[in-house]
Amino acid sequence: MIPGTGPRSCCLLLLLCLLPCPRVRAGRDSPGVSAASFLQDLLQRYGKSQTLSLKQLKALLNHLDVGVGRANVSQSPQQRLNLSRCFSSVELFAIHNLSEGSAVGHREFKEFCPTILQQLESRACASENLENEENEQTEEGRPSSAEVWGFGFLSVSMINVASLLGVLIVPCSAKAFFRRVLTFFIALSIGTLLSNALLQLIPEVR
């Protein structure tokens, strides 16, 4: 028997043996997704061999509504330094020294990410997107040149043919009711011209 041990110490030792020991499960508490996984996922979905070409990077920017501004050469130097405006993709590539044959890898894309984040946070391209959508809608609703000329000739032809209807009144000039009909049409024409002058032409002059 171990000296200095009694019934109490034996009971404590027995309880410690009966308690379940904590097991460390590897891989379950530690995160399975690393910080580099997000970058690899973007490069795999939009690029090939963990790199992006400028065309693929532009597709990514268009998906995020970034780089949709219009490159204007006539801008002043102060306007070019304004970071609150919407840059075009060509301007963004030139800022990062990317040419047509450049391959955007991990390091280049990490340097490009703050530019994307700044453009998204400033919402500079939101108004540019609205203008582009409005222009597209107006272009879609605008008739073609063939339709414009066709309907123009049709309307002018109908007006000219309507003027020939006055020939049908000539045989009725010898009738008794001709003067009443003529008086009615003269009054109608005078009223039309007078109302057009009073209600439309004169207010526009003022």
Report yes if some heavy atom in the side chain of [X] is under 4.5 Å from a heavy atom in the side chain of [Y]; otherwise report no.
X: L43; Y: T51; value: no
X: Q118; Y: P114; value: no
X: L52; Y: Y46; value: yes
X: L92; Y: L98; value: no

To the closest 0.5 Å, what do you measure between [atom1] ([X]) and [atom2] ([Y])?
X: L42; Y: F109; atom1: CG; atom2: CZ; value: 5.0 Å
X: E91; Y: C86; atom1: CD; atom2: SG; value: 9.0 Å
X: S155; Y: N160; atom1: OG; atom2: CG; value: 9.5 Å
X: L60; Y: I116; atom1: CG; atom2: CD1; value: 5.5 Å
X: L57; Y: S89; atom1: CG; atom2: OG; value: 9.0 Å

Practice task
Enumerate the residue pairs fulfilling side-chain hydrogen bond (donor to acceptor under 3.5 Å, both in side chains) with a member in residues 94-105, sequence neighbours excluded, ordered by first and then second residue.
Solution key: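 For residues 94-105, and leaving out neighbouring residues, the side-chain hydrogen bond (donor to acceptor under 3.5 Å, both in side chains) pairs sorted by first residue read H96-T115, S99-S102.
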Exercise for the section: Hey, could you give me each pair passing side-chain hydrogen bond (donor to acceptor under 3.5 Å, both in side chains) that has a residue in residues 182-195? Not counting sequence neighbours. Expected result: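 Listed once each, the pairs would be none.
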Handout entry: Partners meeting side-chain contact (heavy atoms from CB on, under 4.5 Å) with I159 (sequence neighbours left out)
Key =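 Not a single residue meets the side-chain contact (heavy atoms from CB on, under 4.5 Å) criterion with I159.
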Exercise for the section: Might you work through the side chain to side chain contact (heavy atoms under 4.5 Å, CB included) test for F93 and L61, ending with a clear yes or no? Expected result: CA-CA 11 Å; F93 296 157; L61 295 179; 4.1 Å; yes
Handout entry: Pairs involving residues 43-62, ordered by first then second residue, that meet salt bridge (charged side-chain N to carboxylate O under 4.0 Å, His left out) (sequence neighbours left out)
Key =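 Of all non-adjacent pairs touching residues 43-62, those that pass salt bridge (charged side-chain N to carboxylate O under 4.0 Å, His left out) are D41-R45.
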Practice task
Please collect all salt bridge (charged side-chain N to carboxylate O under 4.0 Å, His left out) contacts where either partner lies in residues 108-121, sequence neighbours excluded, each pair once.
Solution key: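 As it turns out, the salt bridge (charged side-chain N to carboxylate O under 4.0 Å, His left out) pairs with a partner in residues 108-121, which skip direct neighbours, are R107-E111.
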Handout entry: Check against side chain to side chain contact (heavy atoms under 4.5 Å, CB included), I186 and L182
Key = CA-CA 6 Å; I186 290 174; L182 185 61; 4.0 Å; yes
Practice task
Check whether any side-chain N or O of Q119 sits under 3.5 Å from a backbone N or O of F87 as a donor-acceptor pair, and report yes or no.
Solution key: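 Flag set: sc Q119 to bb F87 pair under 3.5 Å.
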Exercise for the section: For the pair Q56 (side chain) and S53 (backbone), establish whether a donor and an acceptor sit closer than 3.5 Å, ignoring hydrogens and angles. Expected result: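 Flag set: sc Q56 to bb S53 pair under 3.5 Å.
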Exercise for the section: Output the rest of the hydrophobic cluster of W149: all Ile, Leu, Val, Met, Phe, Trp and Tyr residues reachable through side-chain heavy-atom contacts under 4.5 Å, sorted by chain and number. Expected result: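 Noted: W149 shares its cluster with F153.
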